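As structure tokens, the structure follows; a few thoughts come after it.
None of these values were measured; they are calculated from a predicted model. Below, chain A is the first sequence line, B the second, and so on; all start at residue 1.
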Amino acid sequence: MASSSSSGLTFKLHPLVIVNISDHYTRVKSQLSLPPSLTSTSSAATSNNNNNNSNGGENNQNPPPRVYGCVIGVQRGRTVEIFNSFELIYDPSTRSLDRSFLEKKQELYKKVFPHFYVLGWYSTGSDAHESDMHFHKALMDINESPLYVLLNPAINPAQKDLPVTIYESELHVIDGVPQLIFVRSSYTIETVEAERISVDHVAHLKPSGGSAATQLAAQLTGIHSAIKMLNSRIGVLHQYLVGMQKGDIPCESSLLRQVSSLLRRLPAIESEKFQDDFLMEYNDTLLITYLAMFTNCSSTMNELVDKFNTTYDRHSRRGGRTAFI
Amino acid sequence: MNSVEGLVNQIQGLSTTASDVLSLQNLLKQADDSLHAESTRLLPFLDQLDPSKHSLGYLYFLEACTAGPVTKEQAGSYVLMIARFITSCIAEQIRLAPDKFITVCKRFKDQVLLLEEPLRGVAPMLTAIRKLQSSSEHLTALHPEFLLLCLLSRCYKAGLSILEEDVFEVDQPRDLFLFCYYGGMISIGKKWFRKALELLHNVVTAPMSTVNAIAVEAFKKYILVSLIHHGQSPTNLPKYASSVAQRNLKNLCQPYIELANSYSNGKIADIETYVEANKDKFESDNNLGLVKQAVSSMYKRNIQRLTQTYLTLSLQDIANRVQLNSPKEAEMHVLQMIKDGEIYATINQKDGMVRFLEDPEQYKTCEMIEHIDSSIQRLMTLSKKLNGLDELMSCDPLYLLKAGRERQRFDFDDFDNVPQRFNI
């Protein structure tokens, strides 16, 4: 079913869409794993409810629930840019799509983003299914050639690229019968500044439940290695310049000009107020470090004193025998 | 006589390389008794030896020479000789025989005191300490002697360099007690009350199996200095003080505790009557001067308390509240305190108003950065040392024995009818 697309369209996918899809999936999945008494309000794809144990311990039912939704964006010429997505209610067993809901959502989005059109739909799973074609065809009355964005929720640590694939539909002749089949297309990720920040934030939350300490340590290690590299590079330059000054290395004016322009880039701001604020903040950080060191030392000292007292105090403060409670 | 001459020749011959010196040391140890036997006739031989080259041999001879009782005339010449020896000797050689060196220096101190010229002993003693110490963190037996000489000669500044160093290694506990006690007294003399408090605190909280007199005296001074510096008496000794100290020190310093109690009430008249009543007790401890300083510090304490309540106050009001006699006196006190940096205020002389200010330190300067940075570095080295000590302690078999024994008692099966010990 998946061969490379020949439509010649370039696809640009925004990270917001990926985050939305994964969020939708995670929500539905975690809601389903609650005990049956609490899932009375859970949404689509509830056929797996009766698999839940009474103590609600089972989290992973097979198969994992599939979520469905719409993707919206802009098409300019041959470039299709997918900006956003929203959820839909779709029951694959009855193949009923809630049309009124879809239209209401479309209207709402039109009010806020007048340029966005429904470009296609999304779902989760490992591969495209035959049954997906029905949904695809159902959307064809809104968009004559919808896209199918598929997210594979299985976490594969060995995998390097994103588990997201975009399919287009093409009319192929198979066994003499013209059929619509899904063909894979390539895409690129496009980000707006705001998206970059939030994705960065999400990326730094380690899946092992990174506590604040490891986050801070990871951030600081990053900065530390960056500064170390900067330092070594400057050291190299410095050695080069010293060699040039001594005459070991022939003088090269273009390099010298580059170095001088580099040096002129900093300091960026030079004013009284900046100095004041900068020094104050520097002092604050140092004071906090000092406080941290102090606490560290005090706790070691405390332990040492306790140990010393237990060892060498002949008349220890344990006192005599106390009454039995 | 022959053996002595032979010894002299050997010393002259074997004082060049390190291995020779070691063999020389063995020889000298064996010959020690014979040297002591001939102690009265050793003086001329000393001239044959050069202290800057034959330090070890010279040391042995010197020690044997000065072993007997010394008259005042002899003391003068001995003092010169020992001083010259100390300045010119080689540190590595004398470190091979530290006890002899310490004995010689102690005798030096005695002779200097005999001549009643402690000032002559200060500089040589300092050189002696520097040569004997294996590192600047090492406390030798000579440290308290040196501080004693500084005290007696009132040459306090010389003791400063020794007091500034951090001490991590101590030879004998008595050295530490005396060192901190004398150091505390020197600091009081120079009015460095914070340093004095620190040193006296060390004496009082040092591990001791029985109460010793040094700790009792130090505790008395500790109470007084803490009144002067902090304005409150030390209520309880911290938990790292030995239990012996915690139980007994307070009972032995009763008048001082009562003085501290009346201090905290804040009435100058009461405290003055109390001091008058117990004058002889304070005087017998040589603490009367300190007690008077404590009383006068009460005014300072009261003025400081005023800064917390008022923003501006007239000099007349200050005089009334602090129970001073006139606004002029109040002005003098406030001026002195501003100069010492104890309060931040401005005096408006036209209408006699004092305005109390906040600490002007903005923590914005590069000097403050350097200051904090150096403190952090110091703290890091200290932390490493502490961690090392902690590990050593955890591996100490005595500790493991006691810790293991304690854990057994928490067995819940034991809970039945037997009264339990609880570690509160």
Note to self: Pair A:Leu279, B:Thr365 - check side-chain contact (heavy atoms from CB on, under 4.5 Å), show working.
What the structure shows: CA-CA 6 Å; A:Leu279 284 176; B:Thr365 56; 5.8 Å; no
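- Residue contact with chain B, scored on non-hydrogen atoms closer than 4.5 Å, involves the backbone and the side chain of A:Phe294 alike.
- At most 12 heavy atoms of other shown residues, nucleotides or ligands fall within 6.0 angstrom of atom CZ in A:Phe278.
- With values rounded to the nearest 0.5 angstrom, A:Lys307 atom NZ is found 3.5 Å from B:Asp390 atom CG.
- Taking every heavy atom of both residues into account, B:Ile376 and A:Leu286 meet most closely at CD1-O, 3.5 Å.
- Contacts of A:Tyr282 with chain B are made by side-chain atoms alone, with heavy-atom separations under 4.5 Å and no backbone atom involved.
- No more than 12 heavy-atom neighbours from other residues, nucleotides or ligands sit within 6.0 angstrom of CD on B:Glu358.
- The CE atom of A:Met301 lies 12.0 Å from the CG atom of B:Asn387; values are rounded to the nearest 0.5 Å.
- Ranked by heavy-atom pairs under 4.5 Å with chain B, the first of A:Leu304, A:Asn283, A:Asp284 is A:Asn283.
- Note that CD of B:Gln377 and CE of A:Met293 are 9.5 Å apart. Values are rounded to the nearest 0.5 Å.
- One distance of note links CZ of B:Arg378 with SG of A:Cys297; it measures 11.0 Å at 0.5 Å rounding.
- For CD of B:Glu258, the number of neighbouring non-hydrogen atoms (other residues, nucleotides, ligands) closer than 6.0 Å is greater than 12.
- Residue B:Leu311 places its CG atom among 12 or fewer non-hydrogen atoms of other residues, nucleotides or ligands, all under 6.0 Å distant.
- Annotation for B:Tyr240 and A:Asn309: closest pair CA-ND2, 4.5 Å, computed over non-hydrogen atoms.
- The line from CG of B:Asp396 to CZ of A:Phe308 is 10.0 Å long, rounded to the nearest 0.5 Å.
- Interface remark: B:Pro207 contributes side-chain atoms only to the contact with chain A (heavy atom separation under 4.5 Å).
- Taking OG of B:Ser394 as the reference point, atom CD of A:Glu303 lies at 8.0 Å (rounded to 0.5 Å).
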